[in-house]
Amino acid sequence: MEDENVVAGGKGQAIRTPESGNFPDSSDADGILEIFVKFPLTNHNEMRAYLFSAKSQEEYREYLAARLRGEQDEGMLSANGPENWLQRFRQGFDQPQASALEVITLINIQRALAEYIQSMIFIESPWKRYVEGNDHAISLSSKRGARLFFEPIDEGGLGCTSCHSGDFFTNEGFYNVAFPQIGRGFMRAEKDDIGRWASTRREEDRYAFRVPSLLNVEVTMPYGHAGTFDLLQDAIRYHANPRQGIQDYDFTLASLAQFQGTQSYGYALSHSQSALNASSFSIAEALLPGRALTNQEVSDLASFLHTLTDDCVKNHTCRNQWVPSLNDDPDGNLLVSGINPTAEPITPLDPPTDDNELPAQPGDYPKTVDLNFTAQARSTFAEIEYCSEYPSQSTINVGHGFLPRNSILFGLYDLFGNPIHPHGFNAETWGLTGGLSSEPTMIAGGVSASYLNDDCWLDLAYAGGDRSGMVFYINRGGQAGFDAQPLLEDDPGGRFTGVAMADLNGDYRRELLFGNIKDKKLPIYSGNDRGSYYRVADLSISRHTYGISFADSNHDGYPEIFLAHWFLGNTLTAPVFWKNNRGTELEHYDFEGGLSDNNLSQSWNFSPQPGDFNGDGELDLLLASDFGTSVVMQGAGKGTFVNITDRSVITDENGMGSALGDYDNDGDLDWFVTSIYDPNGEAEGNWGVTGNRLYRNDSGGGDILLKDVTEQVGVADGNWGWGACFADFNNDGFLDIFHVNGFGNIPESAVIDEQGQKLKDRIRDIASEYQGSLPRLFMNQGDGTFSEQGASWGLLLTSDGRGVTCLDYDRDGDMDVALLDHSNGLQFFSNQVGYGPGNHFLSIRLVGESPNTEALGTKVSIEANVGGNYGTQTQTRVSMANTNFNGQNPPDLHFGMGEAQAGDITVTWPDGVRWQCESMETNRFIIFDQRALHAGCSIQP
């Protein structure tokens, strides 16, 4: 969400200034104009987030002002640069005694730029003189072209004014006219440019671009939004009849001067056909001639369009008044064609000294980070030595639904049912003054479950924000609740989005990774024999991290790390893929692994889901991402991936949370993605309206084949969904779906000024449909459909949900839920199904051979007659350490067994060895250790 008062730039946009920054009157315009006419702001070293990664758009701009004052990036300006800028600003704003801090401000930069832009109004053209009464100002051919341009199609003209109307020859509308798609595209890795759809999510805006002004069109080549025509005549011919034009277009691009025959885009034709086939094209097609133009028509129309060119624009001497000379360079950064920049490399800045600084340039980013483990390895996970194979006899369940555990006795809440450790961020972290920086904070917060203190009861790790920091709730056992205990040997602060856990070095101890927000370090902790966790590394990450998953991509047993970053920033100093070099160091591997920003959009990622989806033995990656950028990355061997995303299938508009599970019991992993469902069908902001997606896995050993089955299964309406779990909550033998939702709440404590209050009120108003919402519980009906039953199951506490974890905290054989309410703290729901008749279960805990100690990638299937109307079912689970979005489930694999008294279990370990365990009694917690064949099991060929 962009603050409507913040300066906006870019193609087809006017410059808007804050309300407090009025334009100067004519008396001082000349002085202000001189600042950027003679001394333009053209620092070629500064690309956004290249040398500096900010928390907000506003911070980038303020940083630029600080650089001109000489307060930042010493060495990037010449020695006299700050003084030169000061003198020019003093002169331009008639403040001869002002200090740099007083006169070189963001507002003044905006005013000077606006005056500079305003000076370049070029409308003195032959057509203007003709309209004013000079009948000889244009040629006869131009007059014929004007008639073609202005007359409607049904009267013999071309109807151009249906779009190119008014004094500026544009109605400012947006249309998909299917001009050829070339270049790097926008947002998505497949390199198409979906136009205005990226902002509105409306189908009529897919591939649509703003109607350009035709003033000075003679000299504004190349033409088309991607520059696909050098000649105006060629653009006219194509525009009149795109269906024929796309067949005639030379997609080798050999004729385009900008490429000189050296560049082509293999996907250009297919992307162009997609634009032509989009329903949005039919809107524009109705306004176009839809026929081939004669040579005479093309010549006359081009002649008319030439009359729209300003006299000064075509006059080199006149144009030169806007072109500075090298002698006018104020700070050593003026670009002059043929003179600079030179081939000499830019001198890098001094190495960062502050722990929170980033490398000066992407090339300085360290390739590897050491993992400094000091604790001795164990022979197995300590907690399994104390695990009973049977459920806790002290647990009590009423047989159905969830009970909120919010009493003071449970240890998470006070006397009034409020969280003892509330979640929240301070005003500095919220950064409402910076506009866009509020969203990263609004998204943060999560909870994960694992074994943290070497007993057999699952504990919780919770990112409580600035208010509570990192909180660890240790399970008391049974249904007694939790106690908060300090586990970290140092204090990392509270700016974290969630917690993820995996054994990185194969020592049978889990590491804790905290997803960073605002701070630029992602810390890694490891356990020791003192019952605490010590820091073993910090990953320098310039961007906010919202999802962390682990999987072994190159078959060496050591799990790699997959990160998801959302929001603007430098992708080159925020790697998403970290190769694990035998547990001693981590190596950023985006480019080598095929997961760089050139292969997928790294800008808006949330929930990476690694797994083998087509059964070929190679790790694949499904990545839920915002703004229509979710991707399917197929494993190509040796820890590499290729993008095979089919946009006709992967259609989630705002992919956020996600989960993997075999919901239809066909033996493979299906993919559930939470997205935004707009209750009234109209987006009040820049988001989609069609809701969640369930992609059924129909792969068969070749490419990954997913099918969108959302409509028929009934899981779309999830409000504004975030973290999600697949789990069998009623133990009937079919996986259900739980997910949290909510958005738009900003606390009063975050507001420190009027601008912050305006932003808070604006977000509250446009997101009101997503506040005070209930979690969603989609119960699997066993026939391929789901029924939303959250209310009937007792999920009646509204929450502003983010992260979630699904776990059996009391070892009673059913799956409970802990979620993060961003506006308050933890909510805990205890499942009351239990393990009685018709609700049997099996829980499988895997212990792998080091280094893959948690046997990630192991596939477990159970065949049993679950009773009811379902009969014999084969359920499949895979050992994973994947994110739910700011949350992670424990390593246990839970199976609902219905009425089954026993089941046949097949375990396929990562090395391909298969165990067959027949007639295993249900209502048990079974531990399978890869190193020792379990009683009742046999090794199968």
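The basis for the numbers below is simple: all heavy atoms, side chains too, and nothing from hydrogens, waters or symmetry mates.
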*Modelled atom types, side-chain donor and acceptor of S542 and T573, under 3.5 Å*: yes
One should read off an interatomic distance between I104 CD1 and N108 CG, to the nearest 0.5 angstrom, of 9.0 Å
Separation between NE2 (H239) and CG (L288), nearest 0.5 Å, reads 5.5 Å
Note to self: On the six-membered ring of W197, is R201 placed so that its NZ or CZ lies under 6.0 angstrom from the centre and within 45° of the ring axis?
What the structure shows: yes
**Asked** When you check the side-chain N and O atoms of W322 and S119, is any donor under 3.5 Å from an acceptor?
**Response** yes
**Asked** Would D300 and S303 count as having a side-chain donor-acceptor pair, cut-off 3.5 Å?
**Response** no
request  = Inspect the contact between D311 and R129 and indicate whether a charged nitrogen and a carboxylate oxygen are less than 4.0 angstrom apart.
outcome  = yes
* Please determine, by modelled atom types, if S199 and N686 share a side-chain donor-acceptor pair under 3.5 angstrom. => no
To the nearest 0.5 Å, atom CG of N134 lies from atom NZ of K128 at 11.5 Å
Worksheet item: More than 12 foreign heavy atoms under 6.0 Å from CD of E682: is that the case here?
Response: no
Looking only at heavy atoms, the pair that brings T161 and F150 closest together is CG2-CD2, 3.2 Å
Smallest heavy-atom separation, A189 atom then N643 atom, equals CB-ND2, 3.4 Å
Between Y207 and A275, the two heavy atoms sitting closest are CD1-CA, 3.6 Å
Heavy atoms of L215 and D167 approach each other most closely as CD2-O, 4.0 Å
- Which class fits the ring pair F304 and F149: parallel under 30°, tilted 30 to 60°, perpendicular over 60°? tilted
Inset, instruction - Evaluate the ring planes of F229 and Y238, with Trp represented by its six-membered ring, and classify them as parallel (under 30°), tilted (30 to 60°) or perpendicular (over 60°). - result: tilted
Original post:
Quick one: does M221's side chain get under 4.5 Å of L232's, heavy atoms only?
Top reply: no
Discussion item. Closer than 3.5 angstrom, by distance alone: can the side chain of R196 be matched with the main-chain N or O of R210 as a donor-acceptor pair?
Written reply: no
Are the side chain of N605 and the backbone N or O of S625 linked by a donor-acceptor pair below 3.5 Å?
no
Less than 4.5 Å apart, side chain to side chain, heavy atoms only: is that true for Q321 and C312?
yes
message: For a 4.5 angstrom cut-off between non-hydrogen side-chain atoms, does V631 reach I650?
response: no
Checklist entry - Which word best sums up how the rings of F251 and Y249 line up, parallel for under 30°, tilted for 30 to 60°, or perpendicular for over 60°? => result perpendicular
- Item | Residue F168 excluded, over 12 heavy atoms near CZ under 6.0 Å | no
* **Check: S299 side chain, Q296 main-chain N or O, donor-acceptor pair, under 3.5 Å** => no
Side-chain heavy-atom pair P222, Q258 within 4.5 angstrom cut-off: yes
Verdict with reasoning, E115 to R111, per salt bridge (charged side-chain N to carboxylate O under 4.0 Å, His left out)
CA-CA 6 Å; E115 194 64 37; R111 296 170 71 192; over 6 Å; no
CG (L148) and SG (C160) are apart, to the nearest 0.5 Å, by 8.0 Å
Closest heavy-atom pair, G183 versus Y267, reported as atoms and distance to 0.1 Å, is O-OH, 2.6 Å
Min side-chain heavy-atom separation D73-Y63 under 4.5 Å:
yes
Ignoring hydrogens and angles, tell me if any N or O in the side chain of T645 forms a donor-acceptor pair with the backbone of R647 under 3.5 Å.
no
Practice task
Check the side chains of E83 and Q87 for a donor-acceptor pair under 3.5 angstrom, ignoring hydrogens and angles.
Solution key: yes
query = Do H225 and F179 have side chains that get closer than 4.5 Å, going by heavy atoms?
reply = yes
Heavy-atom nearest pair, S78 first then G332, reads OG-N, 4.0 Å
Counting distance only, does the side-chain N/O of N216 pair as donor-acceptor with the main-chain N or O of F122 below 3.5 Å? yes
**Asked** Should we count CZ of R202 as having more than 12 external heavy atoms under 6.0 Å?
**Response** yes
Taken to the nearest 0.5 Å, the spacing of I194 CD1 from Q181 CD works out to 9.5 Å
Hey, are D250 and T252 close enough side-chain-wise for a donor-acceptor pair under 3.5 Å?
-> yes
Using the rule given for side chain to side chain donor-acceptor pair (under 3.5 Å), can you reason through N599 versus S596, listing the C-alpha separation, both sets of side-chain angles and the distance that settles it, and then say yes or no? CA-CA 5 Å; N599 309 104; S596 74; 2.9 Å; yes
*asked:* Measuring only between side-chain heavy atoms, which start at C-beta, is I283 closer than 4.5 Å to N176?
replied: no
Pairwise side-chain contact, I109 with L68, heavy-atom cut-off 4.5 Å (strictly under): yes
Query raised in the report: Is it true that atom CG of D135 has more than 12 heavy atoms of other residues, nucleotides or ligands lying nearer than 6.0 Å?
Result: yes
d(R184 CZ, N598 CG) to nearest 0.5 Å is 6.0 Å
